[in-house]
Colleague: 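Have a look at this one before I ask anything.
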Amino acid sequence: MRLIRTISKSSVKSATQFARAVSWMGHPLVVVTVSVGIVVVSRLARRDALSVLLVLFGSVILPTALLLFGGVSSGHWSDADISVRTERKRFYPVVIPLLAIGIVALWLLPASNFVLRGALVTFALFVVAAIANLRIKLSLHALFAFYCSAILFRINPLFGGIAFALAVILFWSRLHLQRHDLAEMLTGTLLGLGGGIVAAWWP
């Protein structure tokens, strides 16, 4: 019995460590950055792709990264996931204007319609998430993992399949770590899939 309990505890510990690693790798900022890179490089000429990536990095990605980790360092939120619903009330009012600035920068560039549409849908998803946060702390991990997988399916079915599989594992990891309940995970998942369809597949 002692051996069984030891094996069981070891298995749970290993699963938790794996879940934490998946959760970090599946952070929305990481997932979105990698996916945007794939989309831009796949859809645009090299020079245009570089311009779009630089604009997005300077106007949205870097400021958001500084906001997240600066917020953790200053104690504004408990972790880079902003896992506490009340803490997200201070996050959304800052990140949404950053996205608006990014959209304006892309429009002035000018970026392709596909890229602009994706940026607008991303903005809309954050607005919806902010409104939903009044009642439910939906999973941004699930939202953007499934959102990006839907878009990547349009770019390349292999990329989309890999991204979807990773999104499913991420779904499990967030539940395992008890960062969200099932309703919060499903809400984020459905919103992400819907946004991905609108961004990449809608006529």
Side-chain angles (χ1 to χ4, degrees), residues 19-40 50-109 111 115-149 151 163 166-167 170-171 173-174 177-180 184-185 187-189 191-192 195-196 199:
R20 285 174 180 163
V22 170
S23 184
W24 270 105
M25 290 186 292
H27 191 282
L29 191 62
V30 175
V31 170
V32 170
T33 300
V34 172
S35 299
V36 166
I38 293 172
V39 170
V40 168
L50 181 60
S51 298
V52 169
L53 288 174
L54 288 174
V55 165
L56 287 175
F57 183 80
S59 63
V60 179
I61 296 172
L62 180 59
T64 302
L66 293 174
L67 172 67
L68 288 173
F69 294 105
V72 173
S73 299
S74 64
H76 279 88
W77 28 77
S78 53
D79 54 51
D81 296 342
I82 315 181
S83 299
V84 180
R85 185 169 68 88
T86 53
E87 293 178 356
R88 293 190 176 188
K89 293 179 181 179
R90 298 192 296 270
F91 171 70
Y92 288 118
V94 179
V95 75
I96 289 174
L98 285 177
L99 288 168
I101 292 171
I103 290 170
V104 172
L106 288 173
W107 178 71
L108 293 173
L109 194 55
V115 172
L116 275 173
R117 188 174 185 175
L120 287 168
V121 173
T122 301
F123 178 85
L125 288 174
F126 265 104
V127 171
V128 172
I131 295 171
N133 193 64
L134 297 173
R135 298 294 299 274
I136 183 174
K137 187 193 71 175
L138 62 81
S139 172
L140 292 177
H141 277 70
L143 191 161
F144 285 104
F146 285 97
Y147 173 61
C148 291
S149 70
I151 293 174
L166 292 175
L170 182 63
F171 187 105
S173 76
R174 300 300 287 174
L177 295 172
Q178 298 182 345
R179 295 298 180 88
H180 295 279
E184 293 168 343
M185 292 301 298
T187 302
T189 297
L191 187 58

Colleague: Just how far is it from atom CG of L138 to atom CG of L191, taken to the nearest 0.5 Å?
Modeller: 6.5 Å

Colleague: Count the heavy atoms belonging to other residues, nucleotides or ligands that lie under 6.0 Å from CZ of R85, then report whether that count exceeds 12.
Modeller: yes

Colleague: Could you state the interatomic distance from CZ (F69) to CG (L29), rounded to the nearest 0.5 Å?
Modeller: 7.0 Å

Colleague: Do L54 and L50 have side chains that get closer than 4.5 Å, going by heavy atoms?
Modeller: yes

Colleague: Rounded to the nearest 0.5 Å, how far apart are CD1 of I103 and CG of L108?
Modeller: 12.0 Å

Colleague: Apply the test side chain to side chain contact (heavy atoms under 4.5 Å, CB included) to residues V36 and V32: give CA-CA distance (whole Å), side-chain angles for both, the deciding distance (0.1 Å), then the verdict.
Modeller: CA-CA 6 Å; V36 166; V32 170; 4.0 Å; yes

Colleague: Got a sec, which residues hit salt bridge (charged side-chain N to carboxylate O under 4.0 Å, His left out) with R179, two or more places apart in sequence or on another chain?
Modeller: D79, D81

Colleague: Which atom pair, heavy atoms only, marks the closest approach of S83 to R174?
Modeller: OG-NH2, 4.3 Å

Colleague: Mind checking side-chain contact (heavy atoms from CB on, under 4.5 Å) for V127 and listing every partner two or more places apart, or none if nothing turns up?
Modeller: I96, F123, I131

Colleague: Please give me the minimum heavy-atom distance between S78 and V72, naming the atom from each residue.
Modeller: O-CG1, 4.5 Å

Colleague: Can you find a side-chain donor-acceptor pair between S139 and H141 that sits under 3.5 Å?
Modeller: no

Colleague: Roughly how far, to the nearest 0.5 Å, is OG1 of T189 from CZ of F171?
Modeller: 4.5 Å

Colleague: Using the test side chain to side chain donor-acceptor pair (under 3.5 Å), find all partners of S35 that sit at least two apart in sequence or belong to another chain.
Modeller: none

Colleague: For the pair F144 and Y147, name the ring-plane relationship: parallel under 30°, tilted 30 to 60°, perpendicular over 60°.
Modeller: perpendicular

Colleague: Find out whether R88 and L140 are in side-chain contact, i.e. whether some heavy atom of one side chain is under 4.5 Å from a heavy atom of the other.
Modeller: yes

Colleague: Which heavy atom of A111 sits nearest to which heavy atom of L109, and what is that distance?
Modeller: N-CB, 3.8 Å

Colleague: Nearest 0.5 Å, please: how far is CD1 in I61 from CG in L98?
Modeller: 11.5 Å

Colleague: Taking all non-hydrogen atoms of both residues, which atom of L170 and which atom of M185 are closest, and how far apart?
Modeller: O-CE, 4.5 Å

Colleague: Of all heavy-atom pairs between H76 and S74, which one has the smallest distance, and what is that distance?
Modeller: ND1-OG, 2.5 Å

Colleague: Going from CD1 on I82 to NZ on K89, what distance comes out if it is rounded to the nearest 0.5 angstrom?
Modeller: 14.0 Å

Colleague: Using the side chain to side chain contact (heavy atoms under 4.5 Å, CB included) rule, take L67 and W77 through it: C-alpha gap first, then chi angles, then the decisive distance, then the call.
Modeller: CA-CA 11 Å; L67 172 67; W77 28 77; 4.1 Å; yes

Colleague: Please check this pair: side chain of H180 against backbone of G188, looking for a donor-acceptor N/O pair closer than 3.5 Å.
Modeller: no

Colleague: For a quick test of reading the model, state the closest non-hydrogen atom pair linking L177 to R20 and the distance between them.
Modeller: CD2-CG, 3.7 Å

Colleague: Hey, does I101 have a side-chain heavy atom less than 4.5 Å from the side chain of V60?
Modeller: no

